[in-house]
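What follows is a short report on a single structure.
In this text, all values refer to a predicted model and were calculated from it rather than measured experimentally. Letters A, B, ... mirror the listed sequences (proteins, then strands); counts begin at 1. What's counted below: heavy atoms across the whole structure, side chains too, no hydrogens, waters or symmetry copies.
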Protein chains: 4
Amino acid sequence: MGPAMIAEKKKAILESTLKLIKENGFHGTPMSQVAKKAGVAAGTIYHYFDSKDTLIMELFSYTQYMIQAAMQESLREDMDFRENFFLRWISRCQFYIQNPDVLFFIEQFVNSPYFPRCSKEQNEFSQNEIIQFIRLGHQNGILRDLDPKLMSIMIHSSIMTAAKVHLDGKFSLAEKEFKQLAQMIWDSIRKL
Amino acid sequence: MGPAMIAEKKKAILESTLKLIKENGFHGTPMSQVAKKAGVAAGTIYHYFDSKDTLIMELFSYTQYMIQAAMQESLREDMDFRENFFLRWISRCQFYIQNPDVLFFIEQFVNSPYFPRCSKEQNEFSQNEIIQFIRLGHQNGILRDLDPKLMSIMIHSSIMTAAKVHLDGKFSLAEKEFKQLAQMIWDSIRKL
Amino acid sequence: MGPAMIAEKKKAILESTLKLIKENGFHGTPMSQVAKKAGVAAGTIYHYFDSKDTLIMELFSYTQYMIQAAMQESLREDMDFRENFFLRWISRCQFYIQNPDVLFFIEQFVNSPYFPRCSKEQNEFSQNEIIQFIRLGHQNGILRDLDPKLMSIMIHSSIMTAAKVHLDGKFSLAEKEFKQLAQMIWDSIRKL
Amino acid sequence: MGPAMIAEKKKAILESTLKLIKENGFHGTPMSQVAKKAGVAAGTIYHYFDSKDTLIMELFSYTQYMIQAAMQESLREDMDFRENFFLRWISRCQFYIQNPDVLFFIEQFVNSPYFPRCSKEQNEFSQNEIIQFIRLGHQNGILRDLDPKLMSIMIHSSIMTAAKVHLDGKFSLAEKEFKQLAQMIWDSIRKL
DNA sequence: AATGAATGAGGTTTCATTCAT
DNA sequence: CATGAATGAAACCTCATTCAT
């Protein structure tokens, strides 16, 4: 079930949690606040989620679906591999910039004790599309000889880091800088 | 005051907190457990730290000093720029691998609401040495034309990501892989 | 909102606090004991009061309402000024004797750092009725020329002191002694 | 042993406690703060006092001695009974005004659970001189027929109340008002 | 005598969760 | 389904007191 089919209230709870965790961290986000922001009673949350842990675990799935959905929109088939890579790198970076709550939630989540409890599928779900793309690059002899999963992790890390830098406000990245960064990453993965 | 001069008990508290946060996160690390692991009474912690927040903020400083100290040891002057970069990249990666508590604490810290409360000096402290090194590369026309701070953040992100991948146990990186990764990052920052 | 409309549990908490503070002082009245005596869980207190301080501040308001309500009952219009004064003096004194918790709480409260935090209205609320009465006495040329607020404070002090003496058990004041004391105060405020 | 013979440090501790209790109440006056203000180590307090309770009990004795000493200075024998009363009433009121710490400490103390633990002598000590004076007034047929202890308590209460009003800043009492108030109390105790 | 780091019981408060309505 | 008052375990923190120096 994708986000489109999620009950109105359940979605409100997820979105509220997302925002609150970005602002206050796991630590500073009590269920009572989630309820308030979502406009539901505290008890209502427990109709949709067994516990706070469950809510957070499902929120991770929810963000992974969001990302995947957003990425599928931006794909186009009528370009060469390099152009495709640039499009993907920049699209994903812009997705995080437009959804900073998602970015900061994921960063907190993957570094928390929650993450190891995810199933393998869960935690690779939103990466699969990148991995497939890398495999294609390998088959065509374009990319360096490095495990696709590892390559995907390194790429993804560069995307999130760039988005965080931009959101921090320290370096406001314009199109030029995005291209520069994508170029850097491209040069790091392609065969020279 | 560097870590070397920190009172025995204060250090025990810092180290215990570091380990517990790695294992259980901020959330799952009550002061009572810190006290227990450090072998002191709960109240003693408050002799050294005003509050849990203060403890965590100081722990970040403490890790930055550790990193800086470790890095200074590994520096050598008798090599060219490229070799120097490889040495630095791999040394720092190995430091994190040998100190996973530090790595996971920092990852949690920089993505939490604590981080924005650090002074500018604090949060750039352990990066200064990399930034200086990048400036040198710019002066010698070796590196791409990109803001040194931004470049340093991207490099550091690659280091932490590699270390995390190794520690996750998914990909056990041997010397060959470290060199491969360092080569990738090198190709992303140097002028081609 | 007067005490009559206060939720059952809120009232139980206020009354329990009142009794415990009389017996053990602010200091010796932990929230856990309040909860126990009120028959609620510790956390429930925080449903009704933000903090212990808030509870104590509201308890003061609560006592002021109690006093005002009790005093309004005892007023009669069919008597001359002097008789009216006696009735009021003795009624209030008897109120404190019948409600020693209120008396001792107020004495502790007004001499504590809490009192200066009351609004002007709060801390004069239960005195207003006396002040009005004194103004009437001034208009009719019966009372000495002294600021009504000051006079009211002096009168109220005499009432509380008399009640405390009686409750101490050192001097059990019977009707005769109450009249004697009221007479003394009367002679101190009237024009001779 | 009067205050004159108290060891320097012991006195510093008593005086510091007095000031802190006035400002923050019993509740808000930890031993650590007392130590700091007195310029001694926390442990040192326990050389002079068995416990915090003991410190507070002794502080009450200390204030009683202070009052008695101050009152003895102000007495003069060359005046009639009424003048003598005025002098005493006003002197004591002014003592409290000049020593607000003493006033507020005593008010808090006598309404706290500490007070009932005082010996009879302790808690009547500073009143004895007033009581003797009242007895003299009875023998000479000047005063109303009321138990001297009760009369003394009522008088003392009027003094403290007047001093508190003045210190509150609500009514700044000048000589005229002090005389007016003393006159009121005089009219309440003398035979009319 | 004096120190102050250390203690740990116990204080206030929070918050995930339940359940009667 | 939804509510939100109520719960109580457990969190953070305080502070009277001790004791090695």
To the nearest Å, how far apart are [X] [atom1] and [N] [atom2]?
X: C:M31; N: F:dC13; atom1: CE; atom2: C1'; value: 16 Å
X: C:H27; N: E:dG11; atom1: NE2; atom2: C1'; value: 10 Å
X: B:K36; N: E:dT7; atom1: NZ; atom2: C1'; value: 17 Å
X: B:I45; N: F:dA11; atom1: CD1; atom2: C1'; value: 13 Å
X: B:F49; N: F:dT14; atom1: CZ; atom2: P; value: 15 Å
X: C:E8; N: F:dA6; atom1: CD; atom2: P; value: 11 Å
X: A:Y46; N: E:dC15; atom1: OH; atom2: P; value: 12 Å
X: B:K52; N: F:dT14; atom1: NZ; atom2: P; value: 15 Å

Distance to the ring centre below 6.0 angstrom and angle to the axis at most 45 degrees; does that hold for [X] and [Y]?
X: A:K10; Y: A:F49; answer: yes
X: D:K11; Y: D:Y62; answer: no
X: B:K19; Y: B:F104; answer: no

Quick one: which of [options] gets closest to the side chain of [X]?
X: A:T44; options: F:dA2, F:dC15, F:dG4; value: F:dA2
X: C:V40; options: F:dT7, F:dA16, E:dT12; value: F:dT7
X: B:A41; options: E:dT12, E:dT7, F:dC13; value: E:dT7
X: A:S51; options: F:dT3, F:dC13, E:dT17; value: E:dT17
X: B:P30; options: F:dC12, F:dA2, E:dA5; value: F:dC12

Please compare A:G39 and D:G43 by the position of their nearest nucleotide in DNA chain F and report the one closer to 5'. A:G39

Under 4.0 Å: is that the gap between some side-chain N or O of B:K9 and OP1 or OP2 of E:dA5? no

Verify, without hydrogens or angle tests, whether C:T17 (side chain) and C:I13 (backbone) share a donor-acceptor contact under 3.5 angstrom. yes

Looking only at atom types and distance, does a side-chain atom of A:Q108 sit under 3.5 Å from a main-chain N or O of A:I21, one as donor and one as acceptor? yes

Please determine, for F:dA20, whether a Watson-Crick or G-U wobble partner exists with both distances under 3.5 Å, and give it or none. E:dT3

Is D:Y48 touching bases, backbone alone, or none of the nucleic acid, heavy atoms closer than 4.0 Å? sugar-phosphate

For the base of F:dA2, is there a side-chain donor-acceptor partner from A:H47 under 3.5 Å away? yes

